[in-house]
Amino acid sequence: MNTTLKIAMAQIAPVWLDKKATLNKIENAIKEAAEGQCELVVFGEALLPGYPFWLALTGGAEWNTTVNKELHAHYVSNSICIEKGELSSVCELAKEHHIAIYLGIMERPLDRGGHSIYASLVYINEDGAIKSVHRKLQPTYDERLTWAPGDGNGLQVHPLKAFTVGGLNCWENWMPLPRTALYGQGENLHIAVWPGSDHNTKDITRFIARESRSYVVSVSSLMSKTDFPEHTPHLEAILKNAPETLANGGSCIAGPDGEWIVAPVLHKEGLIIQTIDFNRVLEERQNFDPVGHYSRPDVTKLTVNRERQTTVEINS
């Protein structure tokens, strides 16, 4: 049995809040990863169509302002409705090239009315099927001004060759119980997606790897002051307080011993490719397995609600 897996981390900048143009960049990255014989390609949090950087730059907490309303409307309009087939081209590429994909999107789901948006991590398997959509459980700080809180439906893992893969969004990775929910389902390849910057990835990537004795792949995006498109609403107000670099990357991989396989990569756009070997997981689980021989379910046990939350249940 082939125990290796070739992974591509797609560290790219979105065409910010432009759904169509960003989707085109994602599709090109998938094709490039396939040409490189990669079997999994991972994109950062909310990459499609981008992270809401304006909140920290334009007084995002101000109540009932034109700037915040119009930017929010622009954001929602460029978010992804999966039910309308807006990821169909990505699914087709996954199937055509037999490559699995983790993609961070802003989701505009019809099962919650179609007007609120969720930072969702979508897993598409190598047959082109969407197998899980994990809506971020708890948006962080100013994200709560534009993102809605998710549910446990996406706390799922998936088979990928010898591996069992699962993933979380950004600061969710600091939440012990969601991590445990994935560990308990057999996860040994953990995907952590971020909007960008090594101050997020440099500590926790190695920590989760050492805690779980799994591979951890952290993938971030890039964003600079010059990446804001000219057609962005209230662009002058955003640029007035924007630093030159808003997201410097920081994509990286830690092995099951918690040591770097790929240290955080900064200020570099493109694919970062690495092959990993499942046998390293088994080697490190010999002395510690957080949900196996080094657990006590008779003393502590986790309950997970994976029901998809909806406001209306229609019985016909």
Side-chain angles (χ1 to χ4, degrees), residues 11-23 25 43-81 104-109 112-121 135-151 168-175 192-202 204 220-250 266-267 269:
Q11 183 166 280
I12 61 178
V15 182
W16 197 67
L17 306 197
D18 187 326
K19 173 169 56 178
K20 184 177 180 180
T22 302
L23 190 56
K25 287 192 73 170
F43 298 87
E45 183 191 39
L47 176 69
L48 181 61
Y51 187 79
F53 289 109
W54 81 84
L55 292 169
L57 300 172
T58 61
E62 291 184 47
W63 179 255
N64 217 31
T65 67
T66 299
V67 170
N68 287 327
K69 285 185 173 183
E70 292 184 353
L71 277 166
H72 180 77
H74 181 60
Y75 199 27
V76 174
S77 296
N78 278 279
S79 294
I80 297 296
C81 183
I105 70 168
M106 290 315 304
E107 184 195 5
R108 184 181 177 183
R112 293 303 297 268
H115 302 98
S116 291
I117 53 176
Y118 300 77
S120 295
L121 181 58
R135 296 174 186 164
K136 189 173 183 177
L137 296 172
Q138 183 59 53
T140 304
Y141 204 61
D142 54 4
E143 294 170 359
R144 300 173 201 175
L145 297 166
T146 193
W147 297 353
D151 58 35
L168 295 172
N169 296 283
C170 198
W171 272 24
E172 277 188 315
N173 289 286
W174 285 112
M175 299 171 73
V193 297
W194 311 84
S197 298
D198 60 321
H199 69 259
N200 281 318
T201 64
K202 64 183 179 180
I204 194 171
S220 293
S221 304
L222 297 166
M223 190 72 186
S224 68
K225 191 173 183 177
T226 57
D227 288 328
F228 290 100
E230 292 183 0
H231 62 264
T232 301
H234 304 286
L235 178 60
E236 185 176 342
I238 295 171
L239 294 181
K240 180 180 179 181
N241 296 313
E244 291 300 320
T245 300
L246 295 97
N248 67 8
L266 305 181
H267 305 291
E269 183 160 21

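The two residues G44 and S221 make their nearest non-hydrogen contact at CA-OG, 3.9 Å. Between R135 and P109, the shortest heavy-atom contact is NH2-CB, 3.1 Å. Nearest heavy-atom pair across E45 and A119 is OE2-CB, 4.3 Å. The shortest non-hydrogen separation linking L246 to S197 is O-OG, 3.9 Å. The two residues Y51 and D142 have their closest heavy-atom pair at OH-OD1, 4.4 Å. Shown here for G196 and S220, the closest heavy-atom pair between the two residues is CA-CB, 3.4 Å.
No side-chain heavy atom of M175 sits under 4.5 Å from any side-chain heavy atom of L168. Using a 4.5 Å heavy-atom threshold, the side chains of L222 and Q11 count as touching. Inter-residue side-chain proximity for W194 and N173 is flagged as met; some heavy-atom pair is nearer than 4.5 Å. Taking the side chain as every heavy atom from C-beta outward, M106 and W147 approach each other to under 4.5 Å. Residues D18 and H231 have side chains in contact (heavy-atom distance under 4.5 Å, counting atoms from C-beta outward). Contact annotation: the side chain of I80 approaches that of K19 to within less than 4.5 Å [non-hydrogen atoms, C-beta and beyond]. I105 is not listed as a side-chain neighbour of F43, based on a closest heavy-atom distance of 4.5 Å or more. Side-chain contact between N241 and T58 is absent, with no heavy atoms from C-beta onward closer than 4.5 Å.
Annotation: W16, atom CH2; neighbour count of heavy atoms from other residues, nucleotides and ligands within 6.0 Å is above 12.
A donor-acceptor pair under 3.5 Å is absent between the side-chain atoms of T232 and the main chain of L235, judged by distance alone. Remark: the backbone N or O of G250 is paired with a side-chain donor or acceptor of T201 at under 3.5 angstrom. At distances below 3.5 Å, not a single donor-acceptor pair connects side-chain atoms of N200 with backbone N or O atoms of C170. Here the side chain of N248 pairs a donor or acceptor atom with the backbone of D198 at under 3.5 angstrom.
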Step-by-step side chain to side chain contact (heavy atoms under 4.5 Å, CB included) determination, R112 to Y118: CA-CA 10 Å; R112 293 303 297 268; Y118 300 77; 3.4 Å; yes
Residue pair H267, T245: steps toward the side chain to side chain contact (heavy atoms under 4.5 Å, CB included) verdict: CA-CA 9 Å; H267 305 291; T245 300; 4.1 Å; yes
Worked check of side chain to side chain contact (heavy atoms under 4.5 Å, CB included) between I238 and F53: CA-CA 8 Å; I238 295 171; F53 289 109; over 6 Å; no
K225 and L239: CA distance, side-chain angles, deciding distance, side chain to side chain contact (heavy atoms under 4.5 Å, CB included) verdict: CA-CA 7 Å; K225 191 173 183 177; L239 294 181; 3.8 Å; yes
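Here the CD-CD distance, from Q138 to E143, works out to 9.5 Å after rounding to the nearest 0.5 Å. Rounding to the nearest 0.5 Å places OG1 of T140 at 9.5 Å from CG of N169. Interatomic distance, I117 CD1 to H72 NE2, rounded to the nearest 0.5 Å: 5.5 Å. The line from CG of L48 to CD of E107 is 11.5 Å long, rounded to the nearest 0.5 Å.
Partner of V15 under the side-chain contact (heavy atoms from CB on, under 4.5 Å) criterion, out of L23, D227, T22: T22 alone.
Between Y75 and W54, the distance separating the two ring centers is shorter than 6.0 angstrom.
For the residue pair N64/K69, the side-chain donor-acceptor check at 3.5 Å is satisfied.
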